[in-house]
There are 2 protein chains.
Amino acid sequence: MNLTTAEENYLKAIYHLSDGGKKSVSTNDVAGEMNTKPASVSDMLRKLGEKEVIEYRKYYGVNITDEGKKRALQTIRKHRLWEVFLVEKLNFAWDEVHEVAEELEHIQSPLLIQRLDAFLNYPKFDPHGDPIPDEFGDVRARPRIPLNEMELNQSGQIVAVKDSSAAFLRYLDKVGAYIGARIKVLDKVEFDGSLEILVDQKKNIFMSKDVAGNILVLQS
Amino acid sequence: MNLTTAEENYLKAIYHLSDGGKKSVSTNDVAGEMNTKPASVSDMLRKLGEKEVIEYRKYYGVNITDEGKKRALQTIRKHRLWEVFLVEKLNFAWDEVHEVAEELEHIQSPLLIQRLDAFLNYPKFDPHGDPIPDEFGDVRARPRIPLNEMELNQSGQIVAVKDSSAAFLRYLDKVGAYIGARIKVLDKVEFDGSLEILVDQKKNIFMSKDVAGNILVLQS
DNA sequence: TTTGTAATTTAGGTTAGGCTAAAATATAAA
DNA sequence: TTTATATTTTAGCCTAACCTAAATTACAAA
């Protein structure tokens, strides 16, 4: 079930106020954080309770549910990725980005966020130093492995290269294996360790073990 | 005075339906374009009339004002800049960008658009070949003719499509006729008007008169 | 010139997300 | 244990953007 922009903002506020779901949060606290009146908050809490992203007991404040935590972290992830984009790519100052990111975080497109993440080279922290949750809401770093060490039929995303020489990058460009590409191992030749890879669900490419060893993949 | 997201969308629809303000537009036409009921449109036209972005005479349709034109072009500018971003930076296919750009175009931040424009190196055309208005609403139009009207042996560049349905764009992608491709008419079959085209000096493709009629070419 | 029909507007209702004022509840203090 | 007070909820109202049904208007055909 989907949340509206307002609901997403309330949920994010509750997440922050509860310190990531550790403590319960009062109606007044939420009203303060959201710059709304307590009466409006009561109404919204009822709705969020019905959608089961918070546990709401009248007069006793709210606790965020696991589902709610997941949703809040997704919004936070989007917010922070956009902040990185604004600072690193569009030359915004670190203190100019919040307002705009507050709008951008509500754009609905999982693909957009996946691609943005790849484009920014999977940043782990936003410009304020806050950690960026991964797509599962996990804040810990994920392991990257060389492409040649992946198992048959495993999927992932190209996130980096070991050899970043112009020649190697040109080669990758030519075969269509850019940073951020979603890949799947279709075949591994035992004889020489070479691989057949499906790129972005449409293009098949072949590469030697040496080449694959220089490509780092985030498993998914 | 500011426009809401819904108002911006209506204004954009009116701008397109009126062919850039050249003709007046009926309530029914707007309802069709916006997938809403005529009754809802009447309501919205009254509001837009009060905000003086359109001239509204009950029962006689609307004309867009100069101020309205400026606003519509700003929205169109934002939409097309985001499309360029999605295709060139995030590796979206050109038939995947419209929906997301439809959301992104409503982000309110003149600075964001200025910086995005610079980041993209001031593109003049979007991935579908449509011109991107500058910040004052000026467009640099290029003369374009349908591919089927080109003469034998004439050369040019594909700059736009009339039919931008996902199916048509996928078809073009498949045969290799992307926006920006340099083409030459190798043969015109008199019987059915179908064409043989050389793409990028290397690939021969065949297409029906209907398909060619939906492809716009800049002659060279 | 009248009239049938299509187009359009008005009237009144809905949902989301706000508000104020009044009522209800929890809790700390006496 | 009672009561004062702060917190929270309810009731009722507002605007934006939709809706349906009914009324109105324009216009073409007779």
Side-chain angles (χ1 to χ4, degrees), chain A residues 1-15 17-18 23-64 68 71-72 75 99 102-103 105-108, chain B residues 1-15 17-18 23-64 68 71-72 75 99 102-103 105-108:
Chain A
M1 148 266 338
N2 286 327
L3 301 178
T4 65
T5 292
E7 287 170 342
E8 276 184 1
N9 284 333
Y10 270 96
L11 196 57
K12 198 160 54 104
I14 293 166
Y15 180 84
L17 288 168
S18 69
K23 25 183 212 202
S24 64
V25 175
S26 76
T27 300
N28 259 1
D29 288 349
V30 176
E33 182 78 8
M34 295 294 296
N35 293 307
T36 56
K37 302 292 163 177
S40 308
V41 174
S42 284
D43 231 55
M44 183 56 92
L45 295 185
R46 190 184 40 72
K47 286 183 213 166
L48 291 175
E50 277 166 14
K51 294 192 170 185
E52 300 183 12
V53 291
I54 62 172
E55 207 181 322
Y56 176 43
R57 272 183 62 217
K58 276 189 214 175
Y59 295 102
Y60 290 91
V62 294
N63 287 93
I64 197 162
R71 301 296 191 102
T75 306
E99 305 272 285
E102 205 65 19
E103 289 190 60
E105 74 187 10
H106 300 295
I107 304 289
Q108 300 289 353
Chain B
M1 143 272 335
N2 286 328
L3 300 178
T4 65
T5 292
E7 286 170 342
E8 276 184 2
N9 283 334
Y10 271 95
L11 196 56
K12 198 159 53 101
I14 293 166
Y15 179 85
L17 288 169
S18 68
K23 26 183 209 199
S24 63
V25 175
S26 76
T27 300
N28 258 2
D29 288 349
V30 176
E33 182 77 9
M34 296 294 297
N35 294 306
T36 55
K37 302 292 163 177
S40 310
V41 174
S42 286
D43 231 55
M44 183 56 91
L45 294 185
R46 189 183 42 70
K47 286 183 216 165
L48 291 175
E50 278 165 14
K51 294 193 173 186
E52 298 183 14
V53 291
I54 62 172
E55 207 180 321
Y56 176 43
R57 274 183 60 218
K58 278 189 210 171
Y59 295 103
Y60 289 92
V62 293
N63 287 94
I64 197 162
R71 302 297 190 101
T75 306
E99 305 272 285
E102 205 65 19
E103 288 190 60
E105 74 187 9
H106 299 295
I107 305 290
Q108 301 289 352

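Proteins come first, then strands; the chains are lettered A, B, ... in the order of their sequence lines, and each starts at number 1. Heavy atoms only: backbone and side chains are in, while hydrogens, waters and symmetry mates are out.
Ranked by how close their nearest DNA chain C nucleotide is to the 5' end, B/Pro38 and A/Thr4 are led by B/Pro38. DNA chain C is contacted by both A/Tyr60 and A/Met44; A/Met44 maps to the nucleotide lying nearer its 5′ end (nearest heavy atom per residue).
Put simply, CZ on A/Arg57 is 13 Å from C1' on C/dT25, counting in whole angstrom units. Rounded to whole Å, atom P of C/dT8 lies 10 Å from atom CG of B/Leu45. As a whole-Å value, the separation of A/Leu3 CG from C/dT15 P is 19 Å. In this structure, NZ of B/Lys37 is placed 16 Å from C1' of D/dA22, rounded to the nearest angstrom. Rounding to whole angstrom units, CG of residue A/Asp29 and C1' of D/dT8 are separated by 12 Å. Nucleotide C/dT8 holds its C1' atom 14 Å from the CZ atom of B/Arg46, rounded to whole Å. A/Asn35 has its CG atom 17 Å from the P atom of C/dG17, to the nearest Å. A/Glu8 places its CD atom 16 Å from the P atom of C/dA16, with the value rounded to the nearest Å.
Residue contacts shown for B/Ser42 include a base, since a base heavy atom lies under 4.0 Å away. Within 4.0 Å (heavy atoms only), B/Ser40 reaches at least one base atom of the nucleic acid.
Side-chain contact check for A/Val25 versus A/Ile64: every heavy-atom pair is 4.5 Å or farther apart. B/Leu11 is listed as a side-chain neighbour of B/Leu3, based on a closest heavy-atom distance under 4.5 Å.
Residue A/Thr36 has no polar side-chain atom (N or O) positioned under 4.0 Å from OP1 or OP2 of C/dG17. The side chain of A/Tyr59 places no N or O atom within less than 4.0 Å of a non-bridging phosphate oxygen (OP1 or OP2) of D/dT10. Between A/Asn28 and D/dT8 there is a side-chain polar atom (N or O) within less than 4.0 angstrom of OP1 or OP2. Between A/Lys47 and C/dG17 there is a side-chain polar atom (N or O) within less than 4.0 angstrom of OP1 or OP2. The side chain of B/Tyr56 contributes no N or O atom lying less than 4.0 Å from OP1 or OP2 of C/dT8. Taking 4.0 angstrom as the limit, A/Lys58 places none of its side-chain polar atoms (N or O) nearer than this to OP1 or OP2 of C/dA24.
If you run salt bridge (Lys or Arg N to Asp or Glu O under 4.0 Å) between A/Lys12 and each of A/Glu33, A/Glu7, A/Glu102, only A/Glu102 comes through.
Across all non-hydrogen atoms, the minimal contact from B/Glu103 to A/Ile107 is OE1-CA, 3.5 Å.
Judged by distance alone, the side chain of A/Lys51 and the main-chain N or O of A/Asn2 form a donor-acceptor pair under 3.5 Å.
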